[in-house]
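In what follows, a single structure is set out as structure tokens and then discussed.
Note that these values count all heavy atoms, side chains included, but never hydrogens, waters or copies made by symmetry.
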Amino acid sequence: MKRILFPTDFSEAATNAFVHALEFAKSIDGELVLLHAFELPIYDNQYFPENYMIIYESIELAEFEHFKDELPKLRAIAQKRNLGDIRMTHRLMDGGLMFAVEKAIKEDKIDYVIMGTEGATGWIDALFGTNTTAVISDVDIPVFSVPVNAKFKSIKNIAFTTRFRPKDKKALKKVLKLAKKLNAKVKCLYVKTDSSDVSKEIIKEWENEFANDAVEFNVVFSDEVKESILDFILYKEINVLTMLTYKRSFFENLFHHSLTKDCAASLDIPILAIPIE
């Protein structure tokens with residue numbers, strides 16, 4: 001059974017993403033691990049010699065009570081959607097979000113992470129200014145980023161933007177494996193600009209290799225990359241947009257990543273980040 005980590009701060013964005021996490025767990029016969037992380041403030045104990053530990057204990061207790069009070073609300077959401085049988089376990093952890101997520105991934109043998117995001121005013125903020133981005137950049141498993149306004153829809157069509165590189169092919173195979181579980185189709189998009197160097201032979205090679213898979217390849221000739229992706233998402237009725245995260249060349253792919261995140265945000269659909277070495 002696949003295990004899905006759902007970090008939550010009980011915000012509106014997190015609650016919205018919880019619905020996506022529940023439905024995703026149902027689709028892949030998975031279970032949820034709910035994680036709430038909190039950081040204790042730093043105090044100089046020379047100024048609080050007598051009640052130093054009392055301060056920390058009171059904060060920990062308050063976080064525990066808050067966590068305990070919020071869990072029934074999430075279970076009520078599951079019951080309302082007839083998903084009360086989805087197995088859920090809970091983790092309350094002291095520490096930063098990344099520390100908690102990485103620890104949970106390792107100890108609970110997590111396969112996917114699903115997180116809510118509030119969005120940002122610009123693509124640079126969207127890329128670097130959120131907890132979701134930190135998680136996407138640091139973990140080695142797929143991460144679903146769910147915008148706060150993205151209402152759940154059954155995943156039928158997954159967009160996969162590609163430049164037909166060998167490492168893209170590895171990612172496509174991962175996406176196809178997931179799509180099969182979801183009974184979804186993968187729709188690849190290559191926006192061929194005047195400076196593009198991908199040959200017809202390479203594209204044909206990919207089409208032949210994946211001829212027996214539920215995937216279609218689309219080539220659009222345009223120098224307006226963002227607009228082409230937006231049109232593709234709209235007219236192909238895309239439910240999830242895939243973003244590839246190259247660990248060793250992350251900054252080389254900034255422009256491509258900014259486009260995919262910006263396009264997804266424009267239409268309020270989840271992003272699936274696939275890590276590729």
Side-chain angles (χ1 to χ4, degrees), residues 16-17 20 24 116-127 130 132-133 136 142-165 167-169 171-176 178-179 182-200 202-207 210-211 213-246 252-274 276:
N16 178 63
H20 291 255
F24 183 70
T117 178
E118 294 283 359
T121 55
W123 71 262
I124 294 178
D125 294 329
L127 194 59
T130 66
T132 307
T133 299
I136 288 173
V143 178
F144 276 93
S145 171
V146 183
V148 65
N149 294 321
K151 301 306 178 185
F152 174 78
K153 294 181 180 179
S154 296
I155 300 175
K156 298 300 181 184
N157 297 305
I158 301 173
F160 184 91
T161 57
T162 182
R163 283 178 275 176
F164 291 103
R165 294 169 296 185
K167 59 182 69 175
D168 291 19
K169 188 179 293 185
L172 177 56
K173 290 177 180 178
K174 291 182 179 181
V175 174
L176 282 169
L178 174 60
L182 298 171
N183 194 28
K185 188 169 186 177
V186 178
K187 300 187 177 184
C188 292
L189 171 65
Y190 172 52
V191 181
K192 187 173 180 61
T193 65
D194 287 340
S195 60
S196 298
D197 58 357
V198 178
S199 67
K200 294 180 180 179
I202 292 177
I203 297 174
K204 188 63 177 178
E205 176 189 319
W206 278 54
E207 290 176 340
F210 294 99
D213 294 294
V215 58
E216 66 179 48
F217 294 93
N218 301 270
V219 178
V220 175
F221 295 85
S222 176
D223 286 326
E224 303 296 332
V225 180
K226 175 185 172 182
E227 288 74 11
S228 297
I229 297 175
L230 280 170
D231 288 343
F232 185 80
I233 291 171
L234 182 62
Y235 292 113
K236 290 290 185 176
E237 299 181 333
I238 298 301
N239 307 116
V240 173
L241 176 61
T242 302
M243 180 181 81
L244 308 185
T245 57
Y246 303 104
E252 294 176 12
N253 292 279
L254 264 180
F255 182 64
H256 176 66
H257 288 175
S258 70
L259 285 172
T260 52
K261 290 183 75 70
D262 199 13
C263 291
S266 297
L267 293 178
D268 289 325
I269 62 172
I271 294 174
L272 171 59
I274 302 289
I276 297 295

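Remark: Glu216 engages Lys236 in a salt bridge, criterion side-chain N to carboxylate O under 4.0 Å. At a threshold of 4.0 Å, the pair Lys169-Glu205 counts as salt-bridged, since one of the basic side-chain nitrogens sits closer than that to a carboxylate oxygen.
Aromatic ring pairs are classed by plane angle as parallel below 30°, tilted from 30° to 60° and perpendicular above 60°; the pair Phe164 and Tyr190 is perpendicular.
Nearest heavy-atom pair across Ile158 and Ile155 is CG1-CG2, 3.8 Å. Of all heavy-atom pairs spanning Ala159 and Phe232, the tightest one is CB-CE2, 4.1 Å.
Side-chain N or O atoms of Ser222 include one that pairs as donor or acceptor with a backbone N or O of Glu224 at under 3.5 Å. No side-chain donor-acceptor contact under 3.5 Å links Asp194 to the backbone of Asp223. Using modelled atom types, no side-chain atom of Asn149 and backbone atom of Asp268 make a donor-acceptor pair closer than 3.5 Å. In this structure, Asn239 contributes its side chain and Asn157 its backbone to a donor-acceptor pair below 3.5 Å. Distance alone, capped at 3.5 Å, is enough to place a donor-acceptor pair between the Lys192 side chain and the Val198 backbone. Although no hydrogens or angles enter the test, the distance criterion places no donor-acceptor pair under 3.5 Å between the side chain of His20 and the main chain of Gly116.
Under a cut-off of 6.0 angstrom, the local environment of CG in Asn218 is crowded, with over 12 non-hydrogen atoms contributed by other residues, nucleotides or ligands.
Taking CZ of Phe217 as the start and CG of Leu189 as the end, the distance is 11.5 Å to the nearest 0.5 Å.
In this structure, the side chains of Trp206 and Thr162 come closer than 4.5 Å at one or more pairs of heavy atoms. Put simply, the side chain of Val175 reaches to within 4.5 Å of the side chain of Ile274, judged on heavy atoms.
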